[in-house]
Structure formats: C-alpha cells, structure tokens
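Note sheet for the following structure.
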Amino acid sequence: MAASAPDHPAERPAHWAGSEPARILAPDGTAVGDTAVGLEPEDLRALLRWMVLARRLDQECIALQRQGQLTVYPGFEGQEAAQVGSATALGATDFVWPTFRELAAALVRSVDPVQYLQYHRGTWHGGPYDPRATRFGPICIPIATQIVHAAGYALGQQLDGTDAASIAYFGDGATSEGDFHEAANLAGVWRLPMVLFCQNNGWAISVPTAKQTAGEIWRRAEGYGFPGVRVDGNDVLAVYAATREALDRARRGEGATLIEAMTYRIGAHSTADDAGRYRADPEVEAARAFDPIARFRTWLLAAGHADEEYVAACEREAEAFALEVREGVIATAAPPAEWQFDWVYAAPPATFERMRGEALA
Amino acid sequence: MAASAPDHPAERPAHWAGSEPARILAPDGTAVGDTAVGLEPEDLRALLRWMVLARRLDQECIALQRQGQLTVYPGFEGQEAAQVGSATALGATDFVWPTFRELAAALVRSVDPVQYLQYHRGTWHGGPYDPRATRFGPICIPIATQIVHAAGYALGQQLDGTDAASIAYFGDGATSEGDFHEAANLAGVWRLPMVLFCQNNGWAISVPTAKQTAGEIWRRAEGYGFPGVRVDGNDVLAVYAATREALDRARRGEGATLIEAMTYRIGAHSTADDAGRYRADPEVEAARAFDPIARFRTWLLAAGHADEEYVAACEREAEAFALEVREGVIATAAPPAEWQFDWVYAAPPATFERMRGEALA
Amino acid sequence: MTTWTLSGALNRALHDSLTADDRVLVFGEDVGVSGGVFRVTDGLQTAFGDRRVFDTPISEAGIVGTAVGLCFAGWRPVVELQFDAFSYPALEQVIDHVAKMHMRTRGRVGMPITIRIPSFGGIKGKEHHGESPETYYAHTAGLKVVVPSSALDGYTLLRHAIADPDPVIVLEPKARYWAKEDGELADGAGIGAGRILRDGTDVTLVSYGSMVARAREAADALAEKGVEARVVDLRCLSPLDDELLQRCAEETGRIVVIHEAPRHVGVGAEVAARVMELAFDSLAAPVQRVTGWDAPYPPASLEDGYLPSVERIVAAAQRTVAY
Amino acid sequence: MTTWTLSGALNRALHDSLTADDRVLVFGEDVGVSGGVFRVTDGLQTAFGDRRVFDTPISEAGIVGTAVGLCFAGWRPVVELQFDAFSYPALEQVIDHVAKMHMRTRGRVGMPITIRIPSFGGIKGKEHHGESPETYYAHTAGLKVVVPSSALDGYTLLRHAIADPDPVIVLEPKARYWAKEDGELADGAGIGAGRILRDGTDVTLVSYGSMVARAREAADALAEKGVEARVVDLRCLSPLDDELLQRCAEETGRIVVIHEAPRHVGVGAEVAARVMELAFDSLAAPVQRVTGWDAPYPPASLEDGYLPSVERIVAAAQRTVAY
Ligand SMILES: Cc1ncc(C[n+]2csc(CCOP(=O)(O)OP(=O)(O)O)c2C)c(N)n1
Ligand SMILES: Cc1ncc(C[n+]2csc(CCOP(=O)(O)OP(=O)(O)O)c2C)c(N)n1
Ligand SMILES: [Mg+2]
Ligand SMILES: [Mg+2]
C-alpha cells in the first residue's frame, strides 16, 4: 500500500518503526493523503461523535470499576480511531468477531452498551447481547481463537453465496498464537471473505511488540497468499479507507486482507494491571501526541465539515450517554440461580436435569 | 535467493509453480549453477552413495512391510536428495528433529537403521535409538509439533553459547498447523540458531499443496523476520548449499532460515495408502523425470568425480546393506512386558509400582 | 437382511444426514477426494459435491474453530479429526468454545457440531493412533459423548449425534470398523440410553466401544464356569445412563467396568462412583475396574498386554462373585 | 516466625530453585519484567537475569514445546501458563510429548519440566479464568499433578516439583494466593503424600486447593453439631495417596470428597472408586461428592452457587453420618 512521508519519527511509538503506515491525516491534523474516502459530511461527523462517545464511556467504565460496579475492565484509550474507523466501514450484514477490548466498535455496531457491560459487571459471559441480531460476536478472551470463528463464518457466507464478510479484531500479541495462523491460512486457501484486523497497540500486557515478533505483522499476509496493509491506526480516515477497500475485495470474491493498524495502548492493560511496572511515562506522554480524536477534530473543523458547536454537542451528548450507561449498569442485577443450568444444553439430558434439581433444591 | 532459468516447465509437478527454486544441476544433470559448493570429490561421491543406499533400503522396508515384518511404513522415494543433501550439511553437534519420513537423513546421521526400524516393526515408539548420542530426535508423528522442540533445543544452545543448531524437518502439510507458526515466530523473535526445512513433496496424504495453502511456503519467512529460500529439492547440490548457508547464518548468530525444498512424493503416503484414489499415474511418471539420483549421477560421472565402477560398487553395497538390515529387522524380537512400565516415570510413585505389580503378576 | 461394517454404517449415516438436512456439512483431513483413511466418508463428495463435503488443510484447531463460526451462520458441521491423539490440538476450541457457546449466548447460538474421532487401540497402530481420549471429552460440561460398539448402533448414534442440537463427540472404535453385523439400519435408541446386550443375574459387565465385544466373550467364558454375566453397552459416556446403572447394580449386586483408557480418573471411576451413590446397599462387592494401565499406550508388540483381555475380565468378574 | 502468602512462598520457591540449580529456567507470558499477573515471579528476572527468567510471546504450545526441546539440551524448564483455560492450547504438547518422552526414549531423555498454572475459581474473575483443569492432567499417564492449599506447602510442593525428574503440573489456587500462613519454609513431605490437617473419627473430608479451607470451616461447623470430621489435603492428584485414603476409610468409615471441578469424571470419582476398592468393607456409607456442577464455570455473580459451600459440605457429611 502506498506509503506517505514520515512525520517527526523521533516521537513515534517504538513499534511503529519500519514500513510507513498508510496515512491520510498527519498527527497534527493536516491532510497528507486523499481525504475523499467516500463519506458524506454527516458520516464524517459521525466518526468524531462515535470516538468522543466511546472515549467518554471508556472513562466511565474505569470509574465504575473503581467504584466496584464492574469487575476488571480493559480500557481502549488511544484506539478509538482504529475501532470506529474500521467498524464504520462495515456493511449491515457483515459480522464482527471481537476480543475483549472492542467496546468502541460495539457502539458503532449499535450493541447496547449496558448489555455489553454485563460481561464486565460479572452478570454474564461472552454473549450478553444477541450476537446474531447485532452481528457482533461474543466477547472473546482466549487470544486469537475468535479469528478462526471469523473464518468459519466467512466460509458459511461463501457457501450461502451472500455478500457478507467477517472482520476479526485481534491484537499484536494474538499474532503469536497458532490460531491466528490457522485462521489466516484457511482464509487464504479458501479465499474467504474476511478482514483480519490487527490493532498493534505496542503492548501485550507487559510484553512489547518487539518481544512478540521479529517481523512486521502486515507482512505475514503474503505468505498466506493475500494482501497485507499497514495503516496509521490513529488516523480514522486511513483506517476507514483501508477497511473499506478490504471489504470491497472480500465482496468481489477476491478473498481476505490483513490490516495492521498501528496504534497505542494509552492506558494499562486493564484496571487490574499496573503498567508502571514495565513501561515509562514519557513513552505514554509521547504517544498522546498522536491522539486520534484531536487529530481528526482538527481536520474536521479546518475542512469545515463541522463547527465548534458540533464538537461541543458531541461532548454534551457523551456526558449524558455516560450517565445513562452508568445508571443502566448499576441497575443490572445478578441473574437468577437457574441461569447456571438453563442453557448448558439445548436438549438437556435427564441426568443433567437431576443435577439441576439437586442444585436448586 | 538467485533464481536460475526454468527447465521444461510443462513437465514440472504442479506445486513447483511460482517462484523458481534455486538450482545448481538441471534435471538432465547439466550444471546450471556453481557446483563448487565446498565438497571434496569423496564427499560428492558420498552424496550419491547415501542416496543409493537410502533408496534401496526404502524398497526393502516396503517389501518387509508386505511380508508382515513391519507395520505401516511411509516411504520416501523421490526425496533422497532433499534429505541426504540437507543432512550432509549438518555439523556433528547439530540436532535433527525429524518427522516419520526422514529415514534417509537418519542414515546420513549414522542412526542404526535396525534400531530406527523398531519403530515401524512396532517393537518400540518414538526414540528406539539414542536421540542424544545420535543427535537425531525421536520420530515424530503429530504434525509440526517437533518444530517447536527444535526451537527449544536451539534456545538451549543459544543459552549455553555453543555453536550447535537445530534443523527441523517437516512437510508442506505441516505448514498449516499452529505449531509450525509458533515455532517460526519464536525462531524469529529469539534469533534462534535453527533451520526450518520443509520438504514440499506436493501431497499431504490425499491433499495437494494447492489445497493446503495459497501462498508460497518459503515466503512465510519474511513475516517472521528471517530469510526464506526455495530450492530444487531434487538437486542434492542445491539442497546442500542452501542448508549449509542457513547453518552458517545460524552459527554467526544471525538466526533462523526457512528452506522450502521442492520435491515430489513418488510413492503412496504409506503402505496403508492407495494413492490411486486421489492422483493420476501420469503425474507420478512426469515427476520421475526429476529423479534426484539419476540427475546427480549423470553430473558426477560427467564431472569425473566418479566412474561407472563406483556407481556399481554403491549398488552392490546397497544390496548387501538392505539384506543386512532385513536380517536385523527380522531378528528384532518383541520387548519384554516390563517395558510397558520401566520408563513411564524416572521416579515411579508407589501407586504406580502397585499397578505394575498387578499387571505383571 | 443386510450385513454392515461399522465403517459402512457410519458412511450411510453421513449419507442419510446429508440428504435429510441440506445445512449439514462434512469436512476434515482427507475426507473428501480420498474418502477418509477408514473409508467412512467414501463417495460422499461425489454424491454431494465439494461444497458440502470437503478436504481441509492439516489444521485441527482450524477445523473445529471453523465449525464454531459455521454454526453462527446456521450450518450443521460434521467434522472428522483423523485420529484420537490428533484431536488434542483442537481441545482449546472444544473446551473454551464448542462446549460453552450455547450457554454464553443464553441459547441464542447453538452448536450443533458433530466431531467424529477414530479412537481407541487394538489395531497394532503407531503411537498416537491408539489413544482413548474419552475422559477429556466426557469431563467437559456442555458436550455429549457417544461411543458406538457395533455397525447398526453406529448408524443410530451418528444419526442422533448429527440431529442433536448440542455438540456431540463421536468416538469411533477403529478396531471395530470392519466388524460385521447383520440387520437393518434404524433410528433406534437415542443419546443418553445404554443397552443390555446379554442378560445375566450374577454380575454386570459394563463397557463401551471395542471392549463390549470382549465383555461378551468374557460372559460366554463365565457362563461355562457357571457365572451368568449381564453385558451392558454404555453407548453414551456423557450423559451416563443412571437408571440403567442403578438397575444393574440392584439386580446383579456386582459390577465390573471395562475400558481401554488408563484407570486413573477414567470413565470407570465415574461408573464406580455413581453405582455406589445410586445403589450402595445393593452392592455385594466393590466395583471392579478392568482398564488399560496408567502408562502411555504401548507399541504394537505390547498392545495385548495393555488392553483388557478376556482373561482379566473373567478374573475380575470371578473376584466380585467370590467376594 | 514469618508470615507468608502463597504467592510469596511460591516466589521464594522459584528463587531458591534458581539458586540451587543453574540449569533451572523460568519463562512464560509476563513472568519477566512485570513479575507475573499474580506476582509469583516478581523480582526473579532482576535477581537472575533475562537469560534465566524471561518473557515469551503469547504462544502456549510454543512455551511447552520449547520446554521439551530445552530438556534435550539438559535444561530444567519451569514454565507458567497464565490461567487454567489458557493451558488448553498446549494440551497436545503436554499429552503427546511431555507425558510420553521419557518412555518413548527408554529413559534416555527425561522431561524435568514444571508447568505452573494459576487455576480454579473463587476470585469472581472473567470466564476462562475460573476453570479446574485437573482431570485433564491427572488422567494423563506420565505426568504428576500437585495442588498446594497453603503458603508453606506451596513452597514445599513447588521445590519438590522442580527437583523431580518427571514432568509435574502445579495447579495453583488463585483464590489462595494472598491467604497468609505463619511458619518457616521447609523441604517437607514429597510428591505423592497427602496430609491430615485435622483429626476426626466420624467422617473424612477429602479435598485439595481452595476447597481445603472450606473443608476446615465445615469441620468446625460439624464439630458444633457433634460430628468429628477429619480433614485431608490430597496435595497430589497424580499419584493419589492410596495408603492415606485407605486408612481414612478404615478409621472413619465415611468419606466426603470435595472439589470445584464438575463432578462427571472428576477426581472425586477416582477417590470414590479407589476408596471402594481399598476399603469396601469399612465403608458405612457411600462416598459423597460435593463438587462444581456439570456446567461451564459461571459468571462472577453466580460463582457462589457453583462452588461447594460450607453448607453443602456439612450437609453431605451429615448425610453420610446419618446413613
Ligand atoms: C490463550 C490465551 N493466553 C493468554 C491469555 C492472557 N491474556 C489476556 S490479554 C493478553 C494480552 C493480549 O495482547 P494483544 O493481543 O496485543 O491484545 P491487547 O491486550 O493489546 O488488546 C494475554 C496474554 C489469554 N487471554 N488467552
Ligand atoms: C496433528 C496431526 N494431524 C493429523 C495427522 C495425520 N497425518 C499423518 S501424515 C499426514 C500428512 C502430512 O503431510 P506433510 O506434512 O506434507 O508430510 P508428508 O506426509 O508429505 O511427508 C497427516 C494429515 C497427524 N499425524 N498429526
Ligand atoms: Mg496489544
Ligand atoms: Mg507433503
């Protein structure tokens, strides 16, 4: 994919070294590529709105965790553009296969955040929302395993002759797992309509990307027989364009694409993690210079697609939204005891029913 | 790696399509590359001798299986150059991690074939010979799992500061497994002294390479951050040179190399397999035109490194050798019943010893 | 009346399931063009096309994970993992996803997956080709696990497994693939029901898979010694047929459970524990376990010493009777 | 006298093992720079350098397979798999290679590997962070499996595990990492020996890991009801301490076995089956199993209903006594 000129390389997060990521907006918000990505002004404004709502919700979730309303919570500050840009590019029938960090993408796919947060409240597991209705797969913690599910779903679409695609989200660390590889190889050999979307945020808990792999992740694609692209994951327009292009390829029957979105995990791995043990603050501060929201807001205003009032309105909406979600989360009660047994089997055996009786007696 | 001119492409096995493999000798035995690979005439003659002995032994093993002296046996006809060339390049302290098809490599590493064949006689498992003394790992059937062991051994050498390397043999089909990927990624990120040696023989039982992966296997290497090379696996000189180069890199601390040796499985997957169910004879006949032994013999004689008498001597030796192994195999008796228990634990628990007593009572 | 082999009956079950439901897919290593290493999928690709019956790369986690994704798209995957030990690379997908997805999605997404695994020993095969993996699967809540012991019941169990809305692991005893049985293929008893193959009042021999045939031989040998042994084929290891086990314990008072797997934390332990829970007062003797040893499956030439022999079964039955 | 947490005692065991034998290596995900998600490897990389204590990519099969290769090179790997469910991707390497290599090489190549796995539930964690994987490991011949229940014994068991010439799976109860115990770290009882933590004559409560603390609570509650319960900590699930189980059955006649794992084909079944085999005539009542349900581990808010409670243990003990 065409590479644009490097910006002040000194400041870039270490893991961005190597090939230049495709970029449309420079970190300072000036356009360095073609901004005509096929989005109307209102769609462009929506990109900002979702990023603002997502970040505010992320902050609220961290607060809720500190207040004991949520269990361990994995924040995504700094990754808003990667998630919002890619999710915005999806068609209505495309299916998302997330990790545990894709709350921003979930919002764009109109997954009810209160339902989603049942997961972190500890009131339900993987799929508290309806994965079929939302076309947003269950939150997936076993690293890289959902990429294989995405391949299977894509195969199902191919067999049914629909034009729906799968998009699998995963991190830099996930690329070390065998499941990443098996999914990618199947995607290649079966020309599956899917996008392998890697958010390379520089860290896998305490392990930096440089200790995770020696290659550039996007380069893995060639070995599987499909294209790989490296994109500036904090440039929402570049992420949208790359994902859109990949989805178009998928719909044309040209198979899979691997996208490596270069971003940065501003927060700790989760609220249970003390990042101070393994990385220095200056690194985080430097990364803030690449903030995806500020970058896009600057351009949006300069391009005249939105005005300060719109930005202010987004922020007001975000406050109200965060409050609404907070109330919904706090109102979410523990499930009834029967739920331990209600869906273990679709056709529960008699032996199982006897144990249910013993348990609920 | 520098590519040489294609030979009559029409006849090439389908899976050789794509990048030209590095080659020193053309299929007709004429030199098309630099034959000065650093081997003395006697070493060159040894390459022929090993290939002739190996092929004859392979035939004998198939006969022994038909006569009920061996259980299922996986032949390697057509892959003699890939195995002999690579094994010859190894240093005395390098460690081999084989699959179930590397009997030719085992001979070169002076593993006692009668001991080796205890495996196929069904008198013992993975390591009937001494893997430490021979530096030839246990025969490994779970596909691709031995590649990870090779990485671990290479890490052990790196930690001890020796200049020994690991070489892992595996097939085209093995590259679809997660373990191939995890091993390759570790080899890259830890710059391990190892060679990942793929014998792409076109088939994984009944599945052709084209249905195994859409990419070229040697291209996988770049994604892991180390070089990959494609070599004509039926050109023993090219295989030797490529392996030698990879081992030198490893010893210089430059890390791993992936070698894709293009060869062809002339026989069925094993004596239990009926290849007629999934591939046509013409394909096999065409592949015979690339016979590794004929090719090298022609050059060896033309180059004056050996004469007809030497060739005849090799064949006489092969006959005697096959007979000797046959007698050894037939003389190999079933192990005593205690062997079921003798090495389950190095420090057997009392509970285990009681069961042994129950069993052998 | 027709004569069936287990391999042939399973092939027919797949054929009939593919015909009955056009959402059924069959895939795995070498199941397509070549028809499977044990011929169980022979001819299916020709009959149903390579869209519904296809070969996969060597990628067990990929095969099972693909099946999970296919279920989200409304398909009904029937996958083959080529041999017992080669099902282990897929265990994470089976335990973390296949077994749990229906619960974690509150029933919104079912996993009607059938995983066929040629299993167990007795064919003098190479290492990793004679393992008994049933404990790993039977202990995993959310799965159902069946083990046919004969051709006709193989057809019945596989049809039920494919039609079942839950994930079912079908462990096919390799050693029985070519064993013949006369009769007509039928719907038959469902998942969860064991069966009595021979009646007897002195002792009950409980087993599954290849060991059922040995239990019957042992029953014959015992009969000559004046001991009337009942032979039970469990058919299903998860769930177990509690009623049947209880009845046998109450009626014969003596139980011998036989399996190839190592004894320690094997299915035999579960049978013993349940029998004790369900019919302690009826037990005249401790439940005897005749099993493989707590050691890796041996090379071919030691196989006979590892597998429960008719002699060991008879001896155990006599011990319980004499107890 | 010092006060230890299990996490701290395990950390010291690793420290002392690294000091005692310079072939010992410690590696896994996040064990180096950060010192492990449960701080068990805290400070080890600083103390021993990143050659002997290092982080790995997220690659469980890679971690365990690497350990196998390192054994061929004469190293003694101690690896951490971050959580119970994340040990499953490595099961193939564990079952096919770690457990069998010593036998298949006729003792020429040993596998002195220690695999540490933070396991079990009780921390209101996310899914896949509360599993009880012991059945998968205990059933696998060739492995040894230990489960510490307290800080001091954690030190003892981990030192023995690392020194053992065979592969040892150490399942560390997360819920006990921060539980304190006073005393001095010592060599102590080895692998294979269980221990009696409280004597009693009416019934024996057999358990391991976090459930041992509950068994003790239950024993206190039972004492108030006039029932004298003996409390046994198995410590080791493979091998099991047969002599101790037999003695307890003979001396108390009544056994209750408690574990978090699902009941079906769990370790409790093995305990019940063995007790019956070893002391049938001494049993006054059927062995009772108090376990997790045969269902996936639940979300945090249902956890208390899943794990064996003091009440359930007490009720089971009373049932056996009243039997
Ligand atoms: C199979 C497996 N191994 C280990 C873990 C523990 N774990 C949870 S998140 C994580 C790091 C993931 O890093 P990355 O893929 O880069 O995603 P990120 O956290 O950066 O979003 C690890 C190791 C897991 N969840 N699954
Ligand atoms: C994990 C695993 N899955 C499946 C098998 C069954 N199997 C044995 S050999 C083989 C084909 C291997 O093909 P390839 O890697 O190309 O090696 P080749 O047989 O051509 O030498 C398969 C699928 C196995 N041994 N291990
Ligand atoms: Mg990351
Ligand atoms: Mg091959």
Side-chain angles (χ1 to χ4, degrees), chain A residues 95 97 119 124-133 135 137-142 144-160 162 164 166 177-179 181-186 189-190 192 335 339-355, chain C residues 23 25 27 51-52 54 56-75 77 89-90 92-93 95-97 99-112 141-144 163-167 190-193 236 238-243 245 274:
Chain A
F95 203 106
W97 298 90
Y119 189 76
W124 203 249
H125 274 169
Y129 42 87
D130 184 336
R132 278 192 203 280
R135 292 201 163 72
I139 292 166
C140 185
I141 280 189
T145 57
Q146 77 283 3
I147 314 174
V148 196
H149 307 159
Y153 188 83
L155 175 62
Q157 300 315 304
Q158 187 184 64
L159 292 172
D160 273 326
T162 76
S166 274
E177 289 279 13
D179 277 17
H181 169 74
E182 297 196 24
N185 185 55
L186 294 174
V189 75
W190 290 339
L192 297 178
W339 285 24
Q340 172 72 69
F341 298 91
D342 285 352
W343 301 285
V344 176
Y345 293 100
T351 313
F352 175 82
E353 291 299 345
R354 267 191 298 281
M355 180 177 272
Chain C
R23 300 305 284 177
L25 300 173
F27 56 97
R51 215 178 120 275
R52 296 188 61 200
F54 52 94
T56 66
I58 307 176
S59 184
E60 291 77 17
I63 290 166
V64 174
T66 294
V68 171
L70 281 164
C71 289
F72 277 78
W75 293 90
E92 189 282 333
Q93 284 285 349
I95 299 169
D96 286 346
H97 295 294
K100 296 177 170 71
M101 197 63 78
H102 187 263
M103 174 170 176
R104 47 207 303 270
T105 60
R106 284 199 207 121
R108 295 187 192 105
V109 182
M111 292 281 120
L143 302 177
K144 295 172 179 174
D164 199 275
D166 296 305
I191 290 175
C236 187
S238 179
L240 274 175
D241 187 338
D242 281 350
E243 291 86 345
L245 289 174
R274 273 182 199 251

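Every value quoted in this text rests on a predicted model; they were computed, and no experiment measured them. Protein chains get the first letters and strands the later ones, always in sequence-line order, with residue 1 at the start of each.
The contact between C/Thr56 and chain A is made by backbone and side chain atoms together, counting heavy-atom distances below 4.5 Å. Contacts of A/Val189 with chain C are made by side-chain atoms alone, with heavy-atom separations under 4.5 Å and no backbone atom involved. Residue contact with chain C, scored on non-hydrogen atoms closer than 4.5 Å, is absent for A/Ile147. At a 4.5 Å heavy-atom cutoff, the contact between A/Ala347 and chain C is made by backbone and side-chain atoms alike. With a 4.5 angstrom heavy-atom cutoff, C/Met111 does not touch chain A via any of its atoms. For A/Gln340, the parts lying under 4.5 angstrom from a heavy atom of chain C are both the backbone and the side chain. No part of A/Tyr119 comes within reach of chain C, as not one of its non-hydrogen atoms sits under 4.5 angstrom from that chain. Only the backbone of C/Leu143 comes within contact range of chain A, with at least one heavy atom under 4.5 Å from a heavy atom of that chain. For A/Trp97, the part sitting under 4.5 Å from any heavy atom of chain C is the side chain, from C-beta outward, and nothing else.
Minimum interatomic distance between A/Val148 and C/Ala61 (heavy atoms only, all atoms of both residues): CG1-O, 3.8 Å. Of all non-hydrogen atoms in C/Gly142 and A/Tyr345, the two that sit nearest each other are N-OH, 3.2 Å. In terms of heavy-atom proximity, C/Ser59 sits nearest to A/Glu182 at OG-OE1, 2.6 Å. Nearest approach of A/Pro142 to C/Glu92, heavy atoms of both residues: CB-OE2, 3.3 Å. Scanning all heavy atoms of the two residues, the minimum distance from A/Leu159 to C/Arg51 falls at O-NH2, 2.9 Å. Smallest separation of non-hydrogen atoms from A/Gly152 and C/Leu70: O-CD2, 3.4 Å.
With respect to chain C, the highest number of heavy-atom pairs below 4.5 Å among A/Gly156, A/Pro128, A/Pro348, A/Ala346 belongs to A/Ala346. Comparing C/Arg108, C/Lys144, C/Arg104, C/Arg106 by how many heavy-atom pairs each has under 4.5 Å with chain A, the most go to C/Arg106. Note: A/Arg132 leads A/His125, A/Arg132, A/Gln157 in heavy-atom pairs under 4.5 Å with chain C. The greatest number of non-hydrogen atom pairs below 4.5 Å with chain A, out of C/Cys236, C/Pro239, C/Gly74, is found for C/Pro239. If you tally non-hydrogen atom pairs under 4.5 Å between each of A/Asp130, A/Leu186, A/Thr162 and chain C, the highest count goes to A/Asp130.
At least one side-chain heavy atom of A/Asn185 sits under 4.5 Å from a side-chain heavy atom of C/Pro57. Taking 4.5 Å as the limit, some side-chain heavy atom of A/Asp160 sits within range of a side-chain heavy atom of C/Arg23. Residues C/Gln93 and A/Asp179 have side chains in contact (heavy-atom distance under 4.5 Å, counting atoms from C-beta outward). Between A/Pro138 and C/His97 the shortest side-chain heavy-atom distance does not fall below 4.5 Å. Looking only at side-chain heavy atoms (C-beta outward), A/Thr351 and C/Leu240 stay at 4.5 Å or farther from each other. C/Asp96 places none of its side-chain heavy atoms less than 4.5 Å from the side chain of A/Thr145. Annotation: side chain of A/Trp124 is in contact with side chain of C/Met103 (closest heavy-atom distance under 4.5 Å).
Taking CZ of C/Phe27 as the start and CG of A/Leu155 as the end, the distance is 7.0 Å to the nearest 0.5 Å.
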Item to check | Verdict with supporting geometry, C/Thr66 and A/Trp190, side chain to side chain contact (heavy atoms under 4.5 Å, CB included) | outcome: CA-CA 12 Å; C/Thr66 294; A/Trp190 290 339; 4.3 Å; yes
